[in-house]
Amino acid sequence: MSAAKLIVGNWKMNGLLSDSQPRVEALKSAASGKFEMVLCPPATLVQACGWWLKGSAVKTGGQDCHAQPSGAFTGNVSAQMLKDIGCAYVIVGHSERRQYHKETSADVAEKAKAAHAAGLVAIICIGETDEERTAGRANDVVSKQLAESVPAGATPENTVIAYEPVWAIGTGKVASTDDIKGIHALIRDKSAVKAKILYGGSVKGSNAAEILHLPNVDGVLVGGASLKAEEFLAIASAA
Ligand code: PGA
């Protein structure tokens with residue numbers, strides 16, 4: 001595991017060929033020893049982003065993959081396919097996949113295993129809902145998701161854990177520094193794999209420095225703020 005902070009942008013279902021190239025090319029200047037940058041655009045843009053980023057240190061990633069390498073799975077994309085078009089990373093188990101596609105931690109572990117088999121780094125997302133936190137169950141929920149979502153064969157080289165409290169995603173509500181410190185220490189302690197641990201949930205230029213320098217925070221997973229190159233670069237430069 002390198003000491004550089006990992007800055008990952010998740011565009012979710014945003015971006016067209018016509019409006020993405022300038023945003024992506026603006027990131028080419030971002031190469032720095034203090035951070036590594038990964039851009040996860042929608043599957044339709046992964047290959048084009050790889051072309052636009054050629055010659056830079058910025059890597060590309062998918063936002064999800066199927067657990068099988070190929071087959072009759074209409075609408076899905078495999079880890080092998082992402083690797084084939086130049087990806088180095090793939091996000092698995094994002095809360096939006098768990099919520100809207102009913103993915104379980106067991107499903108997530110299978111996807112992460114497929115990512116590893118394809119030679120991709122799996123960014124495995126875990127995090128509690130508002131209801132679970134209010135009920136005082138955040139630690140239990142995160143511990144269970146961690147235990148069930150990280151497959152055998154995970155190493156610090158092929159795995160990144162992203163802690164994303166569901167109530168902080170896209171809401172503008174950021175977890176307090178004490179909450180982040182507490183959960184990241186728990187993940188570090190409980191995880192058999194000494195992987196990088198990212199925080200995600202309403203990270204922006206103005207709060208990135210504070211979050212990125214907390215103990216056990218090895219980087220950030222950024223949604224909305226990664227759609228603006230200037231904002232995303234401001235986050236990275238806080239590393
Ligand atoms: P957000 O999303 O930065 O827009 O809160 C984070 C994520 O979903 O990864």
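All values derive from a computational prediction rather than experimental measurement. Indexing begins at 1, ligand by ligand and atom by atom, following the structure's order. The analysis underlying the following values was restricted to heavy atoms, covering all of them including side chains, and did not include hydrogens, waters or symmetry mates.
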Which residue holds the protein heavy atom closest to [atom], what is that atom called, and what is the gap in Å?
atom	value
atom 4 (O) of ligand 1	Gly224 N, 2.8 Å
atom 3 (O) of ligand 1	Gly223 N, 2.8 Å
atom 7 (C) of ligand 1	Glu164 OE2, 3.1 Å

>> Nearest 0.5 angstrom please: Lys144 NZ to Asn139 CG, how far?
In response: 15.0 Å
> Between the side chains of Trp167 and Glu128, is a donor N or O closer than 3.5 angstrom to an acceptor N or O?
Replying inline: yes
>> Is there a polar contact between ligand 1 and Glu96, counting only N or O atoms under 3.5 Å apart?
In response: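 In this structure, Glu96 places no N or O atom under 3.5 Å from an N or O of ligand 1.
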>> With nothing but distance in play, are any N or O atoms of Thr171 less than 3.5 Å from an N or O of ligand 1?
In response: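 No, no N or O pair falls under 3.5 Å.
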> Does Ala168 approach ligand 1 within less than 4.0 angstrom via side chain, backbone, both or neither, non-hydrogen atoms only?
Replying inline: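 Ala168 to ligand 1: backbone contact only, side chain stays beyond 4.0 Å.
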> Does ligand 1 have a heavy atom under 4.0 Å from the side chain of Asn10, from its backbone, from both, or from neither?
Replying inline: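 Just the side chain.
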>> As a test of understanding, state which of Val220, Asp218, Leu198 forms a side chain to side chain contact (heavy atoms under 4.5 Å, CB included) with Leu6.
In response: Leu198
> By number and element, which atoms of ligand 1 are closer than 4.0 Å to a non-hydrogen atom of His94?
Replying inline: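 So the answer, numbered in order with elements, is 7 (C), 8 (O), 9 (O).
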> Which ligand 1 atoms are under 4.0 Å away from a heavy-atom of Lys12?
Replying inline: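 Atoms satisfying the 4.0 Å criterion: 2 (O), 7 (C), 8 (O).
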Tell me whether [X] reaches ligand 1 (any heavy atom closer than 4.0 angstrom to a ligand atom).
X	answer
Lys204	no
Ser95	no
Ser202	yes
Gly201	yes

Quick test of your reading of the model: are [X] and [Y] salt-bridged, counting only N-O distances below 4.0 Å?
X	Y	value
Asp107	Arg98	no
Lys59	Glu36	no
Asp19	Arg23	yes
Glu103	Arg97	yes

>> Ring-plane angle category for His184 and Tyr163, please: parallel below 30°, perpendicular beyond 60°, tilted otherwise.
In response: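 It falls in the perpendicular class, over 60°.
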>> On a heavy-atom basis, I'd like to know which of Gly170, Cys40, Gly127 is closest to atom 5 (O) of ligand 1.
In response: Gly170
>> For the NZ atom on Lys194, are there more than 12 heavy atoms of other groups (residues, nucleotides or ligands in this structure) within a distance under 6.0 Å?
In response: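 Counting other residues, nucleotides and ligands, NZ of Lys194 exceeds 12 neighbours.
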